[in-house]
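Values reported hereafter were calculated over all heavy atoms of this structure, with side chains retained and with hydrogens, waters and symmetry mates removed.
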Amino acid sequence: MYFLDKELNQKIPMIKVNSSNISLIGYFNSHLYIRFKETKFVYRYSKVSQSLYNELINAKSKGSFLSENVKKNSKKYPYKKLDGGIYDW
């Protein structure tokens, strides 16, 4: 499945993750995409390294990792709330 980032005109592959808080995660060109379970919106975090993304994917608690390493550093990783659907390939 993918998320269509209309601003970047890019289909972002999204993967389902085992998390109580996060339903889908995607990554493209230093942008981290997160869809939380309680919302239809996708949040795009900028300036995220591939290695940080890999750590998130491999974290035992993805929600805690995101909160501690990305959300608390909003100046380093600015985010934007995006509207749009999740589509099957």
Side-chain angles (χ1 to χ4, degrees):
M1 62 186 63
Y2 69 91
F3 171 74
L4 180 59
D5 187 329
K6 295 175 185 173
E7 289 183 5
L8 301 180
N9 194 29
Q10 185 69 40
K11 292 179 180 177
I12 309 301
M14 302 291 284
I15 57 170
K16 289 183 182 180
V17 293
N18 186 15
S19 170
S20 61
N21 191 23
I22 299 170
S23 61
L24 299 166
I25 297 177
Y27 184 80
F28 174 76
N29 200 23
S30 298
H31 291 95
L32 173 65
Y33 294 81
I34 302 287
R35 184 170 188 187
F36 296 98
K37 289 189 173 179
E38 73 277 358
T39 181
K40 65 177 183 170
F41 298 102
V42 171
Y43 291 80
R44 181 181 66 207
Y45 297 87
S46 300
K47 302 178 183 178
V48 176
S49 68
Q50 179 74 47
S51 61
L52 186 63
Y53 166 75
N54 291 340
E55 288 180 58
L56 171 62
I57 290 297
N58 293 311
K60 186 172 184 175
S61 173
K62 289 163 183 50
S64 293
F65 184 90
L66 180 72
S67 180
E68 291 296 318
N69 296 283
V70 178
K71 290 173 77 174
K72 284 190 175 178
N73 294 305
S74 61
K75 290 186 181 192
K76 185 175 182 181
Y77 306 113
Y79 73 92
K80 187 166 188 181
K81 184 177 175 182
L82 304 173
D83 197 5
I86 301 294
Y87 304 96
D88 289 326
W89 292 102

Worksheet item: Looking at residues at least two apart in the chain, or sitting in another chain, which of them share a ring-ring contact (aromatic ring centres under 6.0 Å, His included) with Phe36?
Response: Tyr43
Worksheet entry | Met14 with Phe41, same ILVMFWY side-chain cluster at under 4.5 Å | no
Practice prompt. Could you name each residue pair satisfying side-chain hydrogen bond (donor to acceptor under 3.5 Å, both in side chains) that touches residues 8-37, not counting sequence neighbours?
Written response: Asp5-Tyr33
Worksheet item: Less than 4.5 Å apart, any side-chain heavy atom of Leu4 and any of Lys6?
Response: yes
Practice prompt. Please lay out, stage by stage, how Ile15 and Ile57 fare under the test side-chain contact (heavy atoms from CB on, under 4.5 Å).
Written response: CA-CA 10 Å; Ile15 57 170; Ile57 290 297; 3.6 Å; yes
Worksheet item: So do the side chains of Phe28 and Pro13 get within less than 4.5 Å of each other, counting heavy atoms only?
Response: no
Practice prompt. Supply the atom-to-atom distance Ile12 CD1 to Arg44 CZ, rounded to the nearest 0.5 angstrom.
Written response: 8.5 Å
Practice prompt. Evaluate the side-chain contact (heavy atoms from CB on, under 4.5 Å) criterion for residues Ile86 and Tyr2: first the C-alpha distance (whole Å), next the side-chain angles of each, then the deciding distance (0.1 Å), finally the verdict.
Written response: CA-CA 6 Å; Ile86 301 294; Tyr2 69 91; over 6 Å; no
Worksheet entry | Chi angles and distances behind the side-chain contact (heavy atoms from CB on, under 4.5 Å) call for Phe3, Leu24 | CA-CA 10 Å; Phe3 171 74; Leu24 299 166; over 6 Å; no
Worksheet item: Who are the salt bridge (charged side-chain N to carboxylate O under 4.0 Å, His left out) partners of Glu55, not counting sequence neighbours?
Response: none
Worksheet, complete the sentence: Smallest heavy-atom separation, Ile22 atom then Ile25 atom, equals CG2-CG1, 3.7 Å
Discussion item. Measuring from atom CG of Asn73 to atom NZ of Lys71, what distance do you get when rounded to the nearest 0.5 angstrom?
Written reply: 12.5 Å
Worksheet item: Got a second to check how far Leu52's CG is from Leu66's CG, nearest 0.5 Å?
Response: 9.0 Å
Worksheet entry | Closest approach of Lys47 to Pro78 (non-hydrogen atoms, all atoms of both residues) | CD-CD, 4.4 Å
Discussion item. Which residue in the set Tyr77, Tyr45, Tyr79 passes side-chain contact (heavy atoms from CB on, under 4.5 Å) when paired with Leu32?
Written reply: Tyr45
